[in-house]
Amino acid sequence: MTAVVVWTIIALASGAGVLLVASVASREPGDRGLRSGLEDLRNGVVGLVTRRDRNDPDRAAVRESAEPVDVRLDEFLSATAVDEDAYLHADDITDTLAKAREKAARTVPWLGRRSA
């Protein structure tokens with residue numbers, strides 16, 4: 001239990017440190033440093049909680065002016081197709097999963113048995 005509390009305190013302290021470094025590192029002319037960063041954080045949280053954009057007439061106008069795009073799936077896929085090599089290959093995934101299954105079967109003996 002003590003370890004969980006210690007790691008939680010460490011995580012909260014690191015999060016506060018990241019906020020401090022981010023607010024100081026992104027200084028712009030007229031920026032007030034940490035106070036400005038904390039105000040930005042507060043405004044973001046308040047925006048998430050209250051969803052002020054529902055009552056904002058500018059955002060409502062943008063939502064209403066947006067027209068839906070009706071495209072068939074095959075047209076969309078052909079328009080977004082690329083000729084480059086895939087980032088992830090199915091063979092790589094299959095090999096990795098097979099190795100993981102074999103390792104798990106060796107580690108836990110009852111995983112290797114098949115039921116009839």
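All of these numbers come straight from a predicted model, not from anything done at the bench.
- In the hydrophobic cluster analysis, where Ile, Leu, Val, Met, Phe, Trp and Tyr join through side-chain heavy atoms closer than 4.5 angstrom, Met1 is grouped apart from Val6.
- Residues passing the side chain to side chain donor-acceptor pair (under 3.5 Å) test with Arg72 are Asp74, sequence neighbours excluded.
- With rounding to the nearest 0.5 Å, the separation of OG1 in Thr96 from CZ in Arg101 is 12.5 Å.
- Note: Leu73 CG to Ser78 OG = 9.5 Å, rounded to the nearest 0.5 Å.
- The line from OG1 of Thr8 to CG of Leu12 is 6.5 Å long, rounded to the nearest 0.5 Å.
- The side chain to side chain contact (heavy atoms under 4.5 Å, CB included) check on Ile93 picks up Leu88, Leu97, with sequence neighbours excluded.
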